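Just so we're clear, the structure is a prediction, and the values are computed from it rather than from any experiment. Chain letters run A, B, ... following the sequence lines, proteins first and then strands; every chain starts at 1.
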Amino acid sequence: MLEIRDVTKAFNKTLAVDSLNFDVPQGSIFGLLGPNGAGKTTMIRMIMNIIQPDSGHIFYNGELIQKSRYKRIGYLPEERGLYQKMKLKETIVYLARLKGLSSSDASKRTDHFLERFELTAYSQRKIEELSKGNQQKVQFIIAIIHNPMLVILDEPFSGLDPVNQLLLKDIINELKQGGTTVIFSTHQMEQVERMCNEICLISHGKRILYGDLAQIKRDFGTQTVSLEFTGDSKAIENVELDDMMITEGRLTGVLRNANSLNDFLRKVMEYVTVTGFRIEEPTLEQIFIKQVKEV
Amino acid sequence: MKNIWIVASWEFITRLRSKWFIISVLIMPIIIVASMFVPTWIMTGEDTESRIVAIVDETGYLGNRLDVQLAENAHLKDGNPKYQVVLFQNAESAFMKKQAAELLDSSVIASYLVIPADIKDSLRVQYYAKNVGNFKDQSEIANAFNEVVSSARMQDAGLNVTLIRSLTKHVDFKMIEVEKEGVEKEGNEMLSYLTPIIFVLMLFFAIFMSSQILLRSVLMERTNRLVEILLSSITPTELMSGKIIGLGFLGLAQLALYLIVGYYVSSSQGVEIITSANTIYFLIYFILGYLFYAGIFASVGAIFNSEQDAQQAVSILSFITVIPIMMSSYVIANPDSVVSIVCSFIPFVTPFFMILRIGVETPPVWEILSTVATLGVFTWLAMVGAGKIFRVALLMYGKRPTLPELMQWIREK
C-alpha cells in the first residue's frame, strides 16, 4: 500500500502540492485526477522519488520511499519521448536494464511484449520510423517490462486508437489481477469511471475529493432525474430541480438533494400523470466540473 | 554503480556506432596528416611538367644568359629542363611586351619577365604571371636572374666571376636538436614546428567532440522528456556520471586512434613524436581537461531548453579555447616565457598550453605537477557544481535559471 502523508511541495513560493493525504490500496486501480496545473505531475514525481517533498512523507508498504523502490515502480510520463535515432528493441532493453533486469532477461521480456503489442516486425527499426501510437505502446512496455508492484500511468490512452485502447485496458486489468497497483492520471473521466475503484481529485494542490468511486457518487448528493408525463407541463414548472428542462412530455434536471426524491415525485404526480421515470447517477465528469469550479 | 556502467556503455556504444562520429573522427587525422606533409610535398617535390616562360629582353643579351642559367639549374623529375624560354629581343619594347602579354592571356606561357635596358643600374625587373602565388617558380627564376645580373655587373667591374663565386659559397648550416646532454638528433624545423600544433589539435578535438556530444545528449533527453523515464529508474548523479564516463571513454578511444595513427605516420617518416612519456601527458591532460569541460557542458545542457541557446552559451567557451591555438606560434617559439607559464595555470586552457609546450620540449616537473594540481582542483569544483545543477535543473522547464539561482543551487547541500 502506498501512503501519502501531509505531503507539501512548493516551487518558488508557489504551492504545487499542499498537505496532501491519501492511500492507494495494494492491487487497486487508483485515479489521481485534477485539472491542468493541479499538482498531479508534481505528486507523481514525488512518488517516483524524482523530487523530494518539502515536508511530509510517502510510504510504500510501511517503508519510506527510497531509491531501492525505484526498481519496483513503473512510470509512463505524460510527455512522451524516446531516443528517435535508436533501434526499438535495444532502447527497451537499455531502459529495462536500468530497472535492474539482467540483459538476457531484459531481451526475453522485450521480445514477449513486442509480440503482445504487435511490434515484433519493428524491433530492429529506428524509433523515429514508428507511428505516434506505436511509440506510445513502446513507452507503455518500458513502464511495465520489469513487472513492477506499482505502475503510474499519466494519460495512457491519449493518442491511441480504440483497438489499442482496448489492448491497453486488458493489460492494465491483467496487471491488477497479478497484484500490481495502478495509479492512473487522466482527464478522460469515462476511462476513470470504467476502470478505477478509488480516486483522489486534487485542485490547486489540495485534495477536494477522495475515496471509493461509488461512495463518492452517492455522497455527491445530486442525481439526474428524467421523467415522462402526460398533462399540463406548465403545472410542474415550479418543482425544485437544477438545470431543469421541460420539453413536450419530458422533464430532466438535477435533484438538489437525494433524499428529496419522494417529495419531488409526490409533487409532480399531483399535477401530471407520470408515464416513465428514470434516475441517473451523476457522472464523474459532472462531479469533477462542479467540484473544481467550487474551489 | 551498476547503473552508471549501463548508462556509460550505452552512451559509448551508441555513439561509437554512429556514422557521423566515425566520419568526423577519421577526417581529423587526415587533416592532421595532410597539414603535416602536403606543404612539404608541394615545396620540396620535384615537378613533372615543364613550363613555358617568356623573357622580354631590352638589353639584348641578358635574356640568353638567363635561359642558359635556368636550363642548367632547374630540372624536371626526368632530368629535362623545367623551363622552356621564349625570348623576345631586338624589337621595340612596347611591341614585345604586348606580344608577351597576349601569350600570357591565352595561357600559352605561364609567366613573363621584362628585363629593362638599364637593369644593371636600376636593379629592377617586372615579373608577370596569372598565378603570383607560385612561390617556387618565382624564387627559382628570381635566383637564376640574380646570378645572371650579378655576374654581368662583376664582369663590367673587371672582376673574376668564377673566383668570386667560389669564394662566396654558402656555409651549410646543419640543425642539431639537443634533447638533453649527450642525446642529439638531426633537427627538422618543419617537424619541430608542426609537432606541438598537431598535439594541441588532437587534444582539442578529443576533448570537444566528446563534450559537445555530452551537451547534445543531455539536451535531447531533457527536451523530449526522456529524462523523466530515466530518473524514474536512476538518480541524476548516476545519469550524469554514466554519461560523462561513457563519453569520456569515447574521447579516449578517439585520442588513442590519433596517437596510434600519429605514431605510425611519424615513424614511417623516420621520426618519433609520440613517445610513451608524451602519451602519459596526453592521458593526464585529456582526462582532467575533459572532466572539467564535461562538468560545464553537462550543466549547460541541463539549464538550457534549446540547442541554439545552449550552443550560444558554449560558443563563449570556444573563443577561450581557440586562444591556445592562435597563440601556438608564440608558445612554440617561447615555451618558457612568463606568458606561456602563466597561461598554463588558467584551468580553461591548461591542457592545451601544456600539450603545446610538451610538444616543443618537456617543461620542468614542478610545472607539470602544479598545473595538474591546479586543474585537478578546478575539475573537482566543476564536477561538484555540475552535479548540483544537474540534479535541480534537469526537470525544470520553461524559465531559465538566473545566475544567482545557479549559485544558490551550488551552495545548497
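For B/Phe21, the CZ atom sits in a packed shell: over 12 heavy atoms of surrounding residues, nucleotides or ligands are nearer than 6.0 Å. Atom CD of A/Glu115 has 12 or fewer neighbouring heavy atoms from other residues, nucleotides or ligands inside a 6.0 Å radius. Atom NZ of A/Lys169 is surrounded by more than 12 heavy atoms from other residues, nucleotides or ligands within 6.0 Å. Annotation for A/Glu128: atom CD counts as buried by contact number, over 12 foreign heavy atoms lying within 6.0 Å. The number of heavy atoms from other shown groups lying within 6.0 Å of CZ (A/Phe157) is above 12. In this structure, B/Phe348 places its CZ atom where only 12 or fewer heavy-atom neighbours from other residues, nucleotides or ligands lie under 6.0 Å away. Remark: B/Phe208 CZ is packed, more than 12 non-hydrogen atoms of other residues, nucleotides or ligands lying under 6.0 Å away.
If you measure heavy-atom distances from B/Val7 to chain A, the contacts under 4.5 Å come from both the backbone and the side chain. Looking at A/Phe11, neither its backbone nor its side chain comes within 4.5 Å of chain B, counting heavy atoms on both sides.
We find the OG-CD1 distance between B/Ser232 and A/Ile50 to be 5.5 Å, quoted to the nearest 0.5 Å. Atom OH of residue A/Tyr83 and atom CD of residue B/Glu221 lie 3.5 Å apart, to the nearest 0.5 angstrom. The structure places CG of A/Leu76 at 7.0 Å from CD1 of B/Ile229, a figure rounded to the nearest 0.5 Å. Separation of atoms CG (B/Leu231) and OH (A/Tyr75) is listed at 10.0 Å; rounding is to 0.5 Å.
Taking 4.5 Å as the heavy-atom cut-off, none of the residues of residues 289-297 of chain B approach chain A. Residues of residues 84-98 of chain A placed with any heavy atom under 4.5 Å of a heavy atom in chain B are listed by number as A/Met86, A/Glu90, A/Thr91, A/Tyr94, A/Leu95, A/Arg97, A/Leu98.
The existence of a salt bridge linking B/Arg225 and A/Glu78 is excluded, since no basic side-chain nitrogen approaches an acidic carboxylate oxygen closer than 4.0 Å.
The side-chain heavy atoms of B/Glu228 and A/Arg45, taken from C-beta on, include a pair separated by under 4.5 Å.
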